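Bear in mind that the values here come from a model prediction, so they are computed numbers and not experimental data.
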Amino acid sequence: MEQHVHIVCLQVPYPPDYGGVMDLFYKLVWLKRRGISIQLHCFDDGRGVQPVLEKYCSRVFYYKRKKGLLSFSRSVPYMVNSRRSRQLQENLSKDNHPILLEGIHCSLLLHAAQLKNRRIILRLHNHESAYYQQLARNAYTIFHQWYYQWESRLLHSYEPSVIKKATLALSVSGEETKKFIGNGLHHVEYLPVFLPWDGVEALEGKGGYCLYQGNLSVEENERAAAWLAEQVFANLGVPFIIAGKNPSARLRKIITPYPHIQLVENPAAEKLDALIRDAHIHVLPSFSETGIKFKLLHALFKGRFCIANTAMVSGTGLNGACIIADSADDMIRCIRETLSQPFTAADIAARKEILSGAYDNKKTADRLIAALAGRSPAAETDQHGS
């Protein structure tokens with residue numbers, strides 16, 4: 001019998017041009033491969049209709065996100081309240097298929113009376129209250145600091161209360177899963193993210209530069225890139241490339257005095273893959289310990305050496321695939337030591353062993369399908385082979 005599922009996305013999951021959307025989109029790809037019939041519901045935040053989604057879903061529904069002052073609330077976070085839709089509730093009520101809610105963002109549906117007896121799985125993309133607190137610390141403007149602190153305060157009480165309402169919650173991080181369970185949320189289980197990469201494609205030998213890549217419109221990523229430019233590479237005459245979406249004038253100004261630092265703005269997917277492939281060292285600090293960092297996974301699947309700090313690898317199980325450096329001086333030292341080392345076949349074999357154990361799309365899909373059917377994802381084995 002064909003298995004059906006409703007998936008409610010916090011945004012239109014195409015194109016998969018940054019980390020969070022990769023998990024959303026490739027989840028559709030792998031569930032389709034496993035024969036699951038998907039009805040996709042997504043909140044349009046400006047991406048518009050994407051016909052390619054119809055290749056993977058039997059039906060696709062779009063709902064406009066309700067931005068503006070009317071979506072601010074004293075009790076419900078803005079990220080949640082701006083994604084309310086009576087039409088969505090009505091569409092979900094037309095059958096009895098299980099529902100997968102992508103993110104706390106879509107959790108308002110857990111309060112809907114007409115969905116009270118449904119199997120509803122809540123995907124936790126972050127420990128959101130902690131994530132927004134970290135965003136507040138990294139924000140440049142007073143308004144953004146206030147907004148992130150406000151959201152964090154609301155999420156602190158809202159997040160655990162709504163997780164309790166879900167049939168099951170699935171976290172993207174093993175470390176965050178432990179924290180949720182430690183706070184009394186015993187129906188939270190770990191499920192890895194879905195990825196566009198099926199295997200390690202790193203090249204042997206040496207590359208010509210160091211690289212930081214990420215969505216530069218995210219303040220945390222911009223701050224990391226600026227910190228690298230000013231604290232690490234300003235005093236290190238090594239070619240350094242910063243690549244990513246929508247960098248600010250602030251970041252351009254910061255790197256202007258350094259001729260050995262290059263900014264590559266809005267690279268196409270093929271260009272970004274080439275930059276990752278040809279780099280010798282990926283330098284990836286993070287100022288946030290929540291969630292999973294796709295930029296790190298991208299570098300590990302496609303690139304050579306990775307130098308990261310503890311916050312970047314927290315909860316990922318990828319410590320063994322990276323060189324860990326937590327200060328600017330440590331990073332400078334590690335870069336100097338690594339520049340002369342070729343990336344070897346042994347390095348690639350070790351990388352494959354680590355990644356295949358932690359991130360396997362086939363196994364992850366089967367675990368999610370088990371959860372949708374009412375079986376424990378933790379106990380599911382890959383019956384289709386790997």
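Ring pair His260/Phe240: centre-to-centre distance not below 6.0 Å.
Separating the CZ atom in Phe294 from the CE atom in Met22 is a distance of 7.5 Å, to the nearest 0.5 Å. Note that NE2 of His144 and OH of Tyr147 are 9.0 Å apart. Values are rounded to the nearest 0.5 Å. Here the CG atom belonging to Leu300 is positioned 13.5 Å from the NZ atom belonging to Lys293, to the nearest 0.5 angstrom. One finds the OG atom of Ser248 at 9.0 Å from the CD atom of Glu219 (value rounded to the nearest 0.5 Å). To the nearest 0.5 Å, atoms OG (Ser288) and CG (Leu135) are separated by 7.0 Å. Atom CD of Gln134 and atom OH of Tyr131 lie 9.0 Å apart (nearest 0.5 Å).
Criterion: ILVMFWY side-chain heavy atoms under 4.5 Å apart, direct or through other members. Under it, Leu368 and Ile36 are part of a common hydrophobic cluster. Hydrophobic clustering (ILVMFWY, side-chain heavy atoms < 4.5 Å, transitive): Tyr258 and Leu339 are in one cluster. Cluster annotation: Phe301 and Leu203 are assigned to distinct hydrophobic clusters (Ile/Leu/Val/Met/Phe/Trp/Tyr, side-chain heavy-atom contacts under 4.5 Å, transitive). Connection of Leu10 to Tyr62 is not established within any shared hydrophobic cluster, with ILVMFWY side chains joined at heavy-atom distances below 4.5 Å, either directly or through further cluster members. Taking hydrophobic clusters as Ile, Leu, Val, Met, Phe, Trp and Tyr residues chained together by side-chain heavy-atom distances below 4.5 Å, Val218 does not share a cluster with Leu297.
Ring geometry, His41 versus Phe61: the interplanar angle falls under 30°, so the pair is classed parallel (tilted spans 30 to 60°). The aromatic rings of His4 and His97 sit parallel, their planes meeting at an angle under 30°, below the 60° perpendicular limit.
Between Asp44 and Arg65 no salt bridge is recorded (no basic side-chain N to carboxylate O distance below 4.0 Å). In summary, Glu175 and Lys179 do not engage in a salt bridge, as defined by a charged side-chain N under 4.0 Å from a carboxylate O. Between Lys67 and Asp45, at least one side-chain N (NZ, or NE/NH1/NH2) sits under 4.0 Å from a carboxylate O, which counts as a salt bridge. Between Lys27 and Glu102, at least one side-chain nitrogen of the basic residue sits less than 4.0 Å from a carboxylate oxygen of the acidic one, meeting the salt-bridge criterion. For Asp366 and Arg375, the salt-bridge test fails: no basic side-chain N is under 4.0 Å from an acidic carboxylate O. By the 4.0 Å N-to-carboxylate-O rule, Asp17 lies close enough to Arg47 to be salt-bridged with it.
Side-chain atoms of His298 do not come within 3.5 Å of backbone N or O of Gln213 as any donor-acceptor pair. Listed for the His125 side chain is no donor-acceptor partner under 3.5 Å among the backbone atoms of Ser171. A donor-acceptor pair is defined here as one N or O able to donate and one able to accept, closer than 3.5 Å; no such pair exists between the side chain of Ser152 and the backbone of Tyr148. In this structure, Arg34 contributes its side chain and Ala365 its backbone to no donor-acceptor pair below 3.5 Å. Asn215 places no side-chain N or O within donor-acceptor distance of the main-chain N or O of Gly244, the cut-off being under 3.5 Å. For the pair Arg304 (side chain) and Pro342 (backbone), a donor-acceptor distance under 3.5 Å is absent. The backbone N or O of Thr364 sits nowhere less than 3.5 Å from a side-chain atom of Arg367 that would complete a donor-acceptor pair. Counting only distance, with no hydrogens or angles, the side chain of Arg351 and the backbone of Val200 share no donor-acceptor pair below 3.5 Å. Of the possible polar contacts, none joining the Arg336 side chain to the Met331 backbone as a donor-acceptor pair under 3.5 Å is found. Listed for the Lys66 side chain is a donor-acceptor partner under 3.5 Å among the backbone atoms of Arg84.
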- Query: Taking it one step at a time, do Arg118 and Asp95 satisfy salt bridge (charged side-chain N to carboxylate O under 4.0 Å, His left out)?
  - Reply: CA-CA 10 Å; Arg118 294 286 284 280; Asp95 55 51; 3.4 Å; yes

- Item | Step-by-step ring-ring contact (aromatic ring centres under 6.0 Å, His included) determination, His127 to Phe180 | CA-CA 8 Å; His127 185 182; Phe180 284 124; 5.1 Å; yes

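Within the 4.5 Å cutoff, no side-chain heavy atoms of Arg153 are placed close to those of Gln133. Tyr158 has its side chain out of reach of Ser75: every pair of non-hydrogen atoms, C-beta onward, lies at least 4.5 Å apart. Counting heavy atoms from C-beta outward, Ile38 and Leu28 have side chains that approach closer than 4.5 Å. The side-chain heavy atoms of Ile7 and Val5, taken from C-beta on, include a pair separated by under 4.5 Å. Between Lys302 and Asp273 there is a side-chain heavy-atom pair separated by less than 4.5 Å. The shortest side-chain heavy-atom distance between Ile181 and Thr177 falls under the 4.5 Å cut-off. Between Ile261 and Thr256, the closest side-chain pair of non-hydrogen atoms is not below 4.5 Å. Side-chain contact check for His111 versus Leu108: some heavy-atom pair is nearer than 4.5 Å.
If you check the side chains of Glu220 and Ser286, you find a donor sitting under 3.5 Å from an acceptor. At a cut-off of 3.5 Å, with distance as the only test, no side-chain donor of Arg83 or Ser107 sits close to an acceptor on the other residue. Using modelled atom types, one finds no donor on one side chain facing an acceptor on the other under 3.5 Å when comparing His6 with Asn91. No hydrogens or angles considered: a donor-acceptor pair under 3.5 Å links the side chains of Lys295 and Asn221. Thr310 and Asp326 form a side-chain donor-acceptor contact under 3.5 Å, judged by distance and modelled atom types alone. Gln114 and Gln89 share a donor-acceptor pair across their side chains, judged by distance under 3.5 Å alone. Between the side chains of Asp329 and Ser327, no donor-acceptor pair is found at a separation under 3.5 Å.
Listed here is the closest heavy atom pair of Phe194 and Asp23: N-OD1, 2.8 Å. In plain terms, the two heavy atoms of Arg123 and Pro192 that are nearest each other are NH2-O, 3.0 Å. The two atoms that bring Ile335 and Cys210 nearest to each other are CG2-SG, 4.1 Å, heavy atoms only. The nearest pair of heavy atoms linking Ile323 to Cys334 is CG2-SG, 3.8 Å. Considering all non-hydrogen atoms of both residues, Pro13 and Val21 come closest at C-CG1, 3.5 Å. Heavy atoms only, all atoms of each residue included: Cys106 and Cys9 are closest at SG-C, 3.7 Å.
Within a 6.0 Å radius of CZ in Arg33, more than 12 heavy atoms belonging to other residues, nucleotides or ligands are found. Within a 6.0 Å sphere centred on NZ of Lys245, other residues, nucleotides and ligands contribute more than 12 heavy atoms. A 6.0 Å sphere centred on CD of Glu353 holds no more than 12 heavy atoms belonging to other residues, nucleotides or ligands.
With Leu251 as reference, Glu222 is the one residue of Glu222, Arg223, Glu265 to meet the side-chain contact (heavy atoms from CB on, under 4.5 Å) rule. Between Val8 and the options Ile120, Leu100, Leu92, a side-chain contact (heavy atoms from CB on, under 4.5 Å) holds for only Leu92. Residue Leu124 is tested with Leu170, Leu101, Ile104, Val172 for a side-chain contact (heavy atoms from CB on, under 4.5 Å); the sole match is Ile104.
Clustering of Ile, Leu, Val, Met, Phe, Trp and Tyr by side-chain heavy atoms under 4.5 Å joins Ile276 with Tyr209, Leu211, Ile241, Val264, Leu272, Leu275.
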